[in-house]
There are 2 protein chains.
Amino acid sequence: MDDVVASFVDGMGAAAASSGILSQQQGRIFALLYLAEGPLSLDEIADQLEQSKSNISVNIRTLVEWHLVKRRPIRGSRKDHYEAATDFFRAFQEIFERRFRWTVRQVIDVVKETSASAEGGRRGTPGAFRRERLQALGGFFGLLDAGIGAFVSGKPFPAQKLAQVVPLPGRAGPRAR
Amino acid sequence: MDDVVASFVDGMGAAAASSGILSQQQGRIFALLYLAEGPLSLDEIADQLEQSKSNISVNIRTLVEWHLVKRRPIRGSRKDHYEAATDFFRAFQEIFERRFRWTVRQVIDVVKETSASAEGGRRGTPGAFRRERLQALGGFFGLLDAGIGAFVSGKPFPAQKLAQVVPLPGRAGPRAR
DNA sequence: CTGAACATTTAGAATATTTCGAACGTTCTG
DNA sequence: CAGAACGTTCGAAATATTCTAAATGTTCAG
């Protein structure tokens, strides 16, 4: 493999590894495809990256799911061929939607469930503190969810709203006046 | 530990684990502190979460670095005490800035370095394709960097701009007209 | 100065993830 | 229908990560 490509592949691999989203190999696969003039087969990718075919097969699936790589049938060949997607925004939408938003909603669900079992939290009664905190957390993540929704559908994202969530006082109990 | 707290702790642990940002333990520590009425010591945390003190010590450091947990000295005690932060936006800023943006910049750097070594890419010459692609990638991530910058400083974030990056044609060579 | 109370570092054990090659099933070719 | 060409799945090996308990270093009380 070309020196230029090799350094790009390794660099992108490193970046991917530190992203928390893609593995190093996935980054390397994408990088290779991105600088390739045409679609590559599994074997070619495995060959150039010096990885087993099975490993490429597994890793490339994620890339396809996230719309970072497209499967492109080549006429006259029975092999699967792949090429890098160039619509990065599309891929980011997918990642935000399916990864971040999913995590955000997990938090929202946990808060809901916990709130449900932490009953009778009127102010001043025991449990009120927890209830307030859960509500604050749920509120913030609700806004975050809305923000991601806006981003994903291409609308402007009001980061302001997140900043304006009023932080609760640090300590417990009914607020001093 | 209380049932309500226990389920919240576990739920947040699961959410954290799938976030790609925090480990399960870190999520659990935060959850415990978030529902605690006052600051907790390392030993108390280790106790309640049934983890070794050293593990808590290591994991809580990350939480402090990301402003999700604050160290709060308790007078009369030599132990370190910790409490959950309530300014989530602050924490998110920190995470975006230090994690996402760092990754984004890694990509920008890789593109720059690769571009530098892939010289002489005038149109139609060999290497032009790579140069164009690198430029497209660099452009997108440049905008992303700006977007994160805007988010971090609380300004509205024009997601539109990202969507408007024109995807290159999928195939190589000079564009057909 | 000495010992106790801490948090942190370290080395190794436990656990999870990644990777590979072989086995498998499917689709195409002749 | 038989065999070859594929991609995928599976189990084991390699590797990386997480966790613990002991060791270390530091601060404070007496």
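Every chain is numbered from 1 and lettered A, B, ... according to where its sequence line falls, protein lines coming before strand lines.
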Item to complete: Among the candidates dT9(D), dA4(D), dT20(D), find the nucleotide nearest to the side-chain atoms of V58(A).
Response: dT9(D)
Fill in: Pair of N/O donor and acceptor under 3.5 Å linking dA22(C) base with S54(A) side chain
no
Worksheet item: Does OP1 or OP2 of dA7(C) have a side-chain N or O of K53(B) closer than 4.0 Å?
Response: yes
Worksheet item: Looking at Q25(B), does any N or O in its side chain come under 4.0 Å of the phosphate oxygens OP1/OP2 on dT18(D)?
Response: no
Practice prompt. Check whether NZ of the Lys or CZ of the Arg R133(A) lies under 6.0 Å from the centre of the six-membered ring of Y34(B) and within 45 degrees of that ring's axis.
Written response: yes
Worksheet item: Can you tell me if E97(B) uses its side chain to pair, donor with acceptor, with the backbone of E94(B) under 3.5 Å?
Response: no
Worksheet item: L49(B) CG to dT20(D) P: how many Å, rounded?
Response: 10 Å
Discussion item. Rounding to an integer number of Å, can you tell me how far I29(B) CD1 sits from dC19(D) C1'?
Written reply: 12 Å
Worksheet item: Just how far, in rounded Å, is P of dA7(C) from CD of E44(B)?
Response: 11 Å
Fill in: Spacing of R78(B) atom CZ relative to dC28(D) atom C1', expressed in whole Å
4 Å
Discussion item. Just checking F92(A) against F140(B), ring centres under 6.0 Å apart?
Written reply: yes
Discussion item. Is the phosphate of dT19(C) approached by R28(A) (side-chain N or O, under 4.0 Å from OP1 or OP2)?
Written reply: no
Fill in: Nucleotide nearest K79(A) (side chain, heavy atoms from C-beta), chosen from dG7(D), dT29(C), dA7(C)
dG7(D)
Item to complete: State, with a plain yes or no, whether a side-chain heavy atom of T62(B) is found less than 4.5 Å away from one of L68(B).
Response: no
Worksheet item: D43(A) has an atom CG; how far is it from atom P of dG21(C), in whole Å?
Response: 13 Å
Worksheet item: Is there a donor-acceptor contact under 3.5 Å from the side chain of Q93(B) to the main chain of V152(B)?
Response: yes
Worksheet item: Rounded to whole angstroms, how far apart are CG on N59(B) and C1' on dT17(D)?
Response: 12 Å
Practice prompt. Check the distance between dT15(C)'s P and Q51(B)'s CD and give it to me in whole angstrom.
Written response: 12 Å
Item to complete: Classify the nucleic acid contact of D80(B) as base, sugar-phosphate or nothing, counting any heavy atom under 4.0 Å across all strands shown.
Response: sugar-phosphate
Worksheet entry | Distance in angstrom units between R61(B) CZ and dT18(D) P, rounded | 14 Å
Worksheet item: Checking only heavy atoms, does the side chain of S57(A) share a donor-acceptor pair with the base of dG7(D) at less than 3.5 Å?
Response: no
Worksheet item: Which residue, Q24(B) or I60(A), contacts DNA chain D at a nucleotide closer to its 5' end, judged by nearest heavy atom?
Response: I60(A)
